[in-house]
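Written below as structure tokens is the structure these notes are about.
None of these values were measured; they are calculated from a predicted model. Residue numbers start at 1 and run along the sequence shown. The figures here come from the full heavy-atom set of this structure, side chains too, leaving out hydrogens, waters and symmetry mates.
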Amino acid sequence: MKIVIFGLSITSSWGNGHATTFRALARALHARGHRIVFFEKNQEWYESNRDLPEPDFCSLKLYEEWSAIIPEVRRELSDTDVAMVGSYFPDGVLAIGEVFDSPSRVKTFYDIDTPITISKLREGNTGYLRVEQVTGFDVYFSFTGGPMLREIEERFHAPMAVPLYCSFDPEKYHAFPISKRYACDLSYMGTYAPDRQPKIDELLCEPARALPDCNFIVAGPQYPRAVKWPKNVRHINHLNPRWHPHFYSSSRFTLNVTRRDMVQAGYSPSVRLFEAAACGAAIVSDNWPGLDSFFTPGREILLPTSSADVVRYLCDISDAEVSRMGRAAQQRVLAEHTSDIRAEQFENAVESAFSRRTKQTSNHPALLRD
């Protein structure tokens, strides 16, 4: 298939989780024989922090102004099989209009921010998706599973809402030898968010103060200068994705903390969660509805209720048990959450949507060829 994607970014992972999600999916689709065209708006903060400026698995279309790129958008859409607009695409509403007016066989939306999107749609519209546009998509792919899928279909009249969770590329994310640069007792990777910081304070900073002989690392941009880290916490402003596997492989434990909207919606695993597990890291995480459908608590993931629990993990759990837990999580994600599995799920949803459309109209040649 030819697949045209309008996404927030694929060239820069700075301050966002979209880039690594799109990279994993697009790379896997490309490996399965599909042709990918990716439209990305050139924005200063990504231009200054491009860690994949020339992806070799897709045709990249960087643009400055939407009005200037419209002729090329229409050319690419004129013969595409699947068109996808992603959440937070800067010209999302306009791009959706072009997709709807195009002869694209299957028209999809990929919501990598579902709880935020749906919260805004309940109140009116978002800057990248209007309420009345939801019903026009053949498939509404959602970062969030569970009950929210029913709301997307029943309240906003999406013909088909299916989960398309983030994923990881097992060729890039796997266990590496411990790196002295990233070796620590507990790590955390994530962009600053006000609603996440209290949990980081409780589950990382408080244990750091209680255990001054242990080493902690926080990696991620946009933390205000007002955030004061304990002396044994090292902050890395931005870590190139090529070093993420080394980072997780060198962490005795790694912390996962979830945005408030994602916690309330449940069933919203972050890409960092799967990437860390793929590297065999022992994960310590906040809890939310549906987490136990991705990992088995106590066997594949630890769910503390306080900083005292984290201190206990660091002091009392043996290295052998830490390794066993990391391997169990690794086996789980390799079986269920690789990028190739996600690409196959994408293909299945697209084929199902196309079959439904052809039944509603007239017979057409099959979209997916053997």
Atom pair OG1 (T258) and CG (D286), whose distance is rounded to the nearest 0.5 Å:
3.5 Å

Is the closest basic N to carboxylate O distance between E123 and K120 below 4.0 Å?
no

Would F57 and L29 count as a side chain to side chain contact (heavy atoms under 4.5 Å, CB included) if you check the C-alpha gap in whole Å, the side-chain angles of each, and the deciding distance to 0.1 Å?
CA-CA 9 Å; F57 49 82; L29 288 169; over 6 Å; no

Any chance the rings of Y223 and W229 have centres within less than 6.0 Å?
yes

Would E347 and H34 count as having a side-chain donor-acceptor pair, cut-off 3.5 Å?
yes

Do other residues, nucleotides or ligands put more than 12 heavy atoms under 6.0 Å from E132 CD?
yes

For the residue pair S251 and S187, confirm or rule out a side-chain donor-acceptor distance under 3.5 Å.
yes

Distance-only polar pair, side chains of R50 and T11, donor-acceptor under 3.5 Å:
yes

Would you please indicate yes or no on a ring centroid separation below 6.0 angstrom for Y248 and F176?
no

Establish, yes or no, whether a centroid distance under 6.0 Å links the rings of F109 and F141.
no

Will you find, in the side chains of Y188 and R196, an N or O donor that is under 3.5 Å from an N or O acceptor?
yes

Close aromatic pair by centroid cut-off 6.0 Å: Y165 and F143:
no

Any side-chain donor near an acceptor of the partner, E40 and S9, under 3.5 Å
yes

If the threshold is 4.0 Å, N to carboxylate O, is there a salt bridge linking K172 and E275?
no

Check whether any side-chain heavy atom of I36 sits under 4.5 Å from a side-chain heavy atom of I5, and report yes or no.
yes

Heavy-atom pair of closest approach, residues I178 and A183
CG2-CB, 4.0 Å

Is L129 reachable from F39 through a run of I, L, V, M, F, W or Y residues, each pair having side-chain heavy atoms under 4.5 Å apart?
yes

In plain terms, say whether D138 and K107 are close enough for a salt bridge, that is, a side-chain N and a carboxylate O under 4.0 Å apart.
no

Can you tell if the side chain of Y313 reaches within under 4.5 Å of the side chain of V284, non-hydrogen atoms only?
yes

One should read off an interatomic distance between D340 CG and S167 OG, to the nearest 0.5 angstrom, of 9.5 Å

T144, D261, T114 screened by side chain to side chain donor-acceptor pair (under 3.5 Å) with S268, the one that passes:
T144

Mind checking the CG-OG1 spacing from L164 to T108? Nearest 0.5 Å is all I need.
9.0 Å

Ignoring hydrogens and geometry beyond distance, is a side-chain donor-acceptor pair present between S250 and S179 at under 3.5 Å?
no

Taking C-beta and beyond as the side chain, do L8 and F89 meet within less than 4.5 Å on heavy atoms?
no

Should we say atom CZ of R259 is surrounded by more than 12 heavy atoms from elsewhere, each under 6.0 Å from it?
yes

Measure across L77 and A83 and return the closest heavy-atom pair with its distance rounded to 0.1 Å.
CD2-CB, 3.8 Å

R23 and S12 have their tightest heavy-atom pair at NH2-N, 3.5 Å

Verify the distance criterion only: is there a donor paired with an acceptor across the side chains of T117 and D113 at less than 3.5 Å?
no

Without hydrogens or angle criteria, can the side chains of E44 and S48 be said to hold a donor-acceptor pair below 3.5 Å?
yes

Regarding R324 and E321, does a basic nitrogen lie under 4.0 Å from an acidic carboxylate oxygen?
yes

How long is the span from the OG atom in S285 to the CG atom in L255, to the nearest 0.5 Å?
7.5 Å

Residue pair D111 / Y140, side-chain donor-acceptor N/O under 3.5 Å:
yes

Students often mix this up, so state it plainly: with edges at 30° and 60°, are the rings of Y46 and W14 parallel, tilted or perpendicular?
perpendicular

With distance as the sole criterion, is a donor-acceptor pair present between the side chains of Q345 and R342 under 3.5 Å?
yes

Ion pair present between E151 and R122, side-chain N to carboxylate O less than 4.0 angstrom?
yes

